[in-house]
Amino acid sequence: MAIRRLRARISVEKGVTMTSVQVEEHHDGNEADGAGGSSGSSGEGYQRGLGARQIQMIAIGGAIGTGLFLGAGKAIHKAGPSLILAYAIAGLVIFFIMRALGELLMYRAVSGSFSEYAREFIGPFFGYVTGWTYWLFWVVTGITEVTAAAQYMQYWTHGSIPQWAYALIFTVILYGANLISVKLFGELEFWFSMVKVTAIIGMILICAGILTIGFSDAGDTASVSHLWDQGGFFPNGIGSTLMTLQIVMFAFLAVELVGVTAGESKDPKTVLPKAINTVPWRIAVFYVGALIMILSVVPWTEFVPGVSPFVAAFDKMGLGVGAAIVNFVVLTAALSSCNSGMYSTGRMLRDLALNGQGPKFFTKLTKNGLPLVGTTFSAALMLVGVWINYQWPGEAFNYVVSFATISGMWAWIMILVCQIKYRRKADRGELPQSTFRAPGAPYTSWFALAFIAMVIVMMGVDKDARISLYAAPVWALILGVGYLIMQKRGAQPTGGGEAGPKDAVKS
């Protein structure tokens, strides 16, 4: 172990990342510690408590959130039926990203994978930036989602219980669940995802029944021709469709969460590839299929921003319980996202601390292998965010929330860049080949990077999304200053990820 630490330190001092020998040693160590399929503890100290059933539903649920249930209304208003094509193309890009992540995971399955790979293939600074940025993404997302969940509860209680009380209750419950065991987190996420999946499949079946049998108030007017007879497939032009891409990509944020679970999966070599390979049909059914059905039953011209297309469709069908059902589903989606935030933030902080890029007290684990301090710190910030939202619900809070999209896409960029670099080294024989190679790579990875770049350009053009790009340089400056301070204080960030709790470099 001392030799490994010395190699890591020499690597940093020379300004390079891990050598192939170091990576080989780390890779072999993971295999020995259970990454290849054993249960029990992983080499990072975590408990491998997530089974195939839970990983599959986490992967499915990660692609279904409030971006679809609520955000699609604004996108339909902008793009009309062409939004279906936008989701299909973006879904293909997401599949390329997930296959790139899968190739890296099968090369080395670790918790906190994005920052680990950035640290190894690009450099310590990029691992530092990726870890803290992804942590911020989930803290901000957790703040917005727990606040949204509290707002959804007002549908039933009509203000009899204050919003802040619901926010506090939900945060405490999810925080407690994440400190009991990783298996409980997996069970919560399993059932949250099950509700979302059941709701969408139910909507598709109802719409199919209306189109074929003709029941409900929408039976006489429902027709697939609605996809092109209300001004064409591109009623507002291709430009308007392109402008919805940031909304579409926001809906897919968190699909990469399955990578964070790698260190706690019972059988990552088998489970993770299966979960990633379900991405195409998930997107085809839950996004493309659902939108085709909804827009066939209800003309796109009847949808308005700020109203869930699912609610609007139920209203058009004359199903009075629709609003209550959708409100429950959206509440579930918000709690699911907050639950994921609680889970991922603690792992990211611990990964940073293990590599000398965060306070060393974040390395502490409970006897059940849970990152107590990191999860507690993140949950506390989420509560502060709820209080800020209660006190100052104006533009300042919205500026912070708008950063979620660009920070989430940063993780995707790092995944793609790292996969390209890894593939080059593997093809040269410097690193072992992954057992789950991304098809068409590196060309598919370059295509995905170009698509993300186009989305960022579209965000700059759209005045409503432009604030995200303003926030990014500010966050980059904060990280840069923090990194310099860390170096001056004598911290030596490592280039790999092999350090254990005893190997964490003091900050």
Side-chain angles (χ1 to χ4, degrees), residues 41-42 44-51 53-55 57-59 61-62 65 110-115 131 134-150 166-196 253-254 256-266 331-354 358-359 361-386 501:
S41 298
S42 72
E44 303 165 280
Y46 294 118
Q47 298 294 317
R48 295 192 177 276
L50 296 176
R53 172 179 61 90
Q54 295 162 327
I55 293 291
M57 289 306 293
I58 288 172
V110 289
S111 183
S113 57
F114 320 128
S115 57
Y134 198 67
W135 168 81
L136 179 67
F137 161 69
W138 274 114
V139 169
V140 172
T141 300
I143 290 172
T144 58
E145 296 292 5
V146 76
T147 304
Y166 282 122
L168 177 63
I169 291 170
F170 289 143
T171 303
V172 171
I173 290 175
L174 294 177
Y175 167 71
N178 273 270
L179 290 187
I180 294 176
S181 70
V182 68
K183 185 175 181 180
L184 180 57
F185 157 78
E187 280 300 309
L188 281 175
E189 202 56 33
F190 175 85
W191 291 108
F192 284 152
S193 297
M194 184 66 74
V195 169
K196 294 185 286 186
L253 289 176
E256 74 290 333
L257 181 66
V258 68
V260 183
T261 68
E264 293 169 278
S265 172
K266 290 182 179 178
L331 170 65
T332 301
L335 292 176
S336 172
S337 183
C338 189
N339 188 43
S340 298
M342 290 280 188
Y343 172 84
S344 59
T345 50
R347 274 75 180 169
M348 278 295 166
L349 288 179
R350 183 169 186 263
D351 176 74
L352 287 161
L354 288 175
F361 52 75
F362 285 138
T363 63
K364 296 179 180 179
L365 294 176
T366 67
K367 63 180 181 180
N368 292 328
L370 302 172
L372 171 64
V373 180
T375 302
T376 301
F377 177 71
S378 302
L381 286 183
M382 290 180 189
L383 283 177
V384 170
V386 172

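Residues: numbered from 1 along the sequence shown.
The shortest distance between side-chain heavy atoms of L253 and F137 falls below 4.5 Å.
Every residue meeting the side chain to side chain donor-acceptor pair (under 3.5 Å) condition with N178, not counting sequence neighbours, appears here in chain and number order: N339. In this structure L168 satisfies the side-chain contact (heavy atoms from CB on, under 4.5 Å) test together with W164, V172, L383, sequence neighbours excluded. Annotation: side-chain contact (heavy atoms from CB on, under 4.5 Å) contacts of A149 (sequence neighbours excluded): F170, L331, A334, L335. For S337, there are no side chain to side chain donor-acceptor pair (under 3.5 Å) partners two or more places apart in sequence or in a different chain. Residues forming a side chain to side chain donor-acceptor pair (under 3.5 Å) with T366 (at least two apart in sequence, or on another chain): none. Judged as a ring pair (Phe, Tyr, Trp, His ring centres under 6.0 Å), and not counting sequence neighbours, F192 has no contacts. With sequence neighbours left out, T345 forms a side chain to side chain donor-acceptor pair (under 3.5 Å) with S378.
In this structure, the side chain of S344 engages the main chain of S340 through a donor-acceptor pair within 3.5 Å. Listed for the R350 side chain is no donor-acceptor partner under 3.5 Å among the backbone atoms of P371.
Under the 30°/60° scheme for interplanar angles, the aromatic rings of F114 and Y134 are found to stand perpendicular.
Atom CE of M342 is separated from atom CZ of R347 by 12.0 Å, given to the nearest 0.5 angstrom.
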